[in-house]
Amino acid sequence: MKVILMNKNTEVLIAEYNEQLAVFTKIYEIKNIDYAPIIINQTLKTNHNDISALTEWFKGRGIPNWRDDLDLLLSKLGVSTPNELLDKAFGLSLSDQYWIKPLNSHVKYKNINFFENDFNSADFTNATFSNSNDFNTKISLISPNNTTDGRLKKSWVIQNSKRYLLKGAYKNEVMQPFNEVIASKICERLNIKHTHYDLEIISDKVVSKCECFIDKDTELVPASQILNNCHKDNAYEEYIEILESYGINNAREKLEDMFILDYIMMNEDRHLNNFGIIRNVNTLKWLDVAPIFDNGQSLNILDYNEKEIILNGQGRFFYNVMDFDDILKKVQDLNRYNIENLNGITEEFENLLHKYQSITKMTDRRIDKICTLLNGRINKLKNIIHHK
Ligand SMILES: Nc1ncnc2c1ncn2[C@@H]1O[C@H](COP(=O)(O)OP(=O)(O)O)[C@@H](O)[C@H]1O
Ligand SMILES: [Mg+2]
C-alpha cells in the first residue's frame, strides 16, 4: 500500500508499506524531511534509501515483544503479533503526532487523532489488567493502545476529557506503581519538574496513573534518537550541548535533577528511552526536557532481600552502568537541593503502603524494609551534602 508518512498535517514522505510484513519496502518521494522523526531525518539525510531505519522506527512504535504477559493480551485482541496492530489506527500514538495515511485517502488528522477524538479503551484496559483467560469481547483496535512502549502492562484511558496512562506492576511484583508515586512526592518536595503519578485500582490490582504530557502540538523525542550519532563515551556532555543549541535552557541542571531523584530511589532503569525532550510539531522548536517519567524500577525492586537492605547499587548513565555514587559526582551544585524538605516523607510512604496492604498483600516486614531503605538513601544524600 502506498502511504504518506504524516507528522500531524505535514507530509513527510511517500513510501510503500507492506501491511502483512509490517515493513516499508520503498521510499517514493521525500516531501518535508525536517518533519520526520529525528532519527529518520538523520538517517535519510545521509542515505536517501535507508528503508530499514524507517521500518525499525515504525515497528518500535508498537507494543514490544518483552511486554509483560504479551501472549495473553494478543490472544484477547485476536492478533498474533504486535506488528498487526501498527496500522490499525493509522499508527497514531499519544506520545507524538506521526501517522500513516493511505495515499488516496482524504482522511484528516483533526478527525482521527486521539488527543481530540475520544476512543474506547474500557475493554482493552480490562483485557490488559485482568488475569481472566476467557475473553469474548471484541476489543476496539481504534485506540492509542496499539502504540505503547515499555515492559509494563499499560493502557491509555480518558477520564474527564483528559488522557491518562495506567501502568501495572511486573508479574507478581506490586511495587512499581508505589515507586512512581513516591518519586512524584520526592520531586514535589525538591521542586523538580516531573510527571505526577497517582494510584488507581483496576481489576483488584493497584496501578499507577499519570496524565499525558504531550498534546496535539507536541511530541516526545527520546534521548536515544537525539544521541543516535554521538560519541558514546562523551554522550552526557554532547547531550547537554545539543539541547542547549536547540534552545533548551539549563539543560545540565534539569538532567542533574533526574540524577538526584534516581540517586535517592536507586533507579536502575534510566535508559535512553526513559527521558527525552518535547518538540513542537508545527514549528519544530525544542521546548523543554520532558517531565521526569518512569521511576518504577527502583528501591531494590529487582533483588529485594528479606534479610539485607542493599544501600548501594548501580544505575544507567547514558551508555554506561555506574555506581550511583559516581553518577552523583556529575551533579555540580548539590546545595541547590533543599534536602531537609524530605523530612517525614518515609512515614508518608509507609502510610501509603499500609493503606493498600489488603490489596497488595505486602508483608509488614517488606514495608518496613523498603521504608528503611528509602530513609537510608535520603540520609546518605544528606550526609554527602552536609560534608561538602
Ligand atoms: N505521561 C505520558 N505522556 C506521554 N507519553 C508517555 C507518558 N508516560 C509514558 N509515555 C510514553 O510511553 C512509554 C512507556 O511508558 P513508561 O512509563 O516508560 O513504561 P515502562 O515502565 O513500561 O517502560 C514511554 O517511553 C513514553 O514514550
Ligand atoms: Mg520506560
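Whatever order the structure lists them in is the order used to number ligands and atoms, beginning at 1. Below, all heavy atoms of this structure are taken into account, side chains as well, without hydrogens, waters or symmetry copies.
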With distance as the sole criterion, is a donor-acceptor pair present between the side chains of [X] and [Y] under 3.5 Å?
{"X": "His271", "Y": "Asn274", "answer": "yes"}
{"X": "Tyr109", "Y": "Gln97", "answer": "yes"}
{"X": "Asn126", "Y": "Lys76", "answer": "no"}

Query - Metal site angle (apex the Mg ion (ligand 2)), OD1 from Asn274 and OD2 from Asp294, 10 degrees - result: 80°
Does [X] approach ligand 1 within less than 4.0 angstrom via side chain, backbone, both or neither, non-hydrogen atoms only?
{"X": "Gln176", "answer": "neither"}
{"X": "Lys154", "answer": "side chain"}
{"X": "Cys212", "answer": "both"}
{"X": "Trp156", "answer": "side chain"}
{"X": "Leu152", "answer": "both"}
{"X": "Thr148", "answer": "neither"}
{"X": "Asp269", "answer": "neither"}
{"X": "Phe293", "answer": "side chain"}

Query - Contact flag Asp149/the Mg ion (ligand 2), N/O/S atoms, threshold under 2.8 Å - result: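 Not a single backbone or side-chain N, O or S atom of Asp149 is under 2.8 Å from the Mg ion (ligand 2).
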Query raised in the report: Does any N, O or S atom in Asn273 come within less than 2.8 Å of the Mg ion (ligand 2)?
Result: no
Requested in this report: Using non-hydrogen atoms of the residue, decide whether Glu211 is closer than 4.0 angstrom to ligand 1.
Outcome: yes
Query raised in the report: Going by heavy atoms, is Cys210 under 4.0 Å from ligand 1?
Result: yes
Same cluster for [X] and [Y] if Ile/Leu/Val/Met/Phe/Trp/Tyr side chains link at under 4.5 Å?
{"X": "Leu85", "Y": "Phe24", "result": "no"}
{"X": "Ile242", "Y": "Leu284", "result": "no"}
{"X": "Leu342", "Y": "Phe259", "result": "yes"}

Requested in this report: Check whether any side-chain N or O of Tyr197 sits under 3.5 Å from a backbone N or O of Asp294 as a donor-acceptor pair, and report yes or no.
Outcome: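 Pair found, side chain donor or acceptor close to backbone of Asp294.
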Report task. Please work out which of Pro64, Ser95, Pro222 has its closest non-hydrogen atom nearest to atom 5 (N) of ligand 1. Result ->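 Heavy atom nearest to atom 5 (N) of ligand 1 belongs to Ser95.
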Query raised in the report: Which option out of Leu94, Asp68, Asp149 puts a heavy atom nearest to atom 14 (C) of ligand 1?
Result: Asp149
Requested in this report: Starting from atom 27 (O) of ligand 1, find the nearest protein heavy-atom neighbour and note its residue, name and distance.
Outcome: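 Checked against all protein heavy atoms, atom 27 (O) of ligand 1 sits closest to Leu220 CD2, 3.4 Å.
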Requested in this report: Around atom 3 (N) of ligand 1, find the nearest protein heavy atom and jot down its residue, atom name and distance.
Outcome: Phe213 N, 3.0 Å
Query raised in the report: In this structure, which one of Leu54, Asp50, Asn229 forms a side-chain contact (heavy atoms from CB on, under 4.5 Å) with Thr43?
Result: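 Checked Leu54, Asp50, Asn229 against Thr43; only one passes side-chain contact (heavy atoms from CB on, under 4.5 Å): Asp50.
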Query raised in the report: Does an N or O anywhere in Thr195 fall below 3.5 Å from an N or O of ligand 1?
Result: no
**Report entry** Residue pair Phe275, Phe318: steps toward the ring-ring contact (aromatic ring centres under 6.0 Å, His included) verdict
**Finding:** CA-CA 10 Å; Phe275 63 103; Phe318 291 81; 5.6 Å; yes
Report task. For residues Ala22 and Leu86, report the shortest heavy-atom separation together with the two atoms involved. Result -> CB-CD1, 4.3 Å
Query - Worked check of ring-ring contact (aromatic ring centres under 6.0 Å, His included) between Trp156 and Phe119 - result: CA-CA 9 Å; Trp156 284 110; Phe119 51 92; 8.0 Å; no
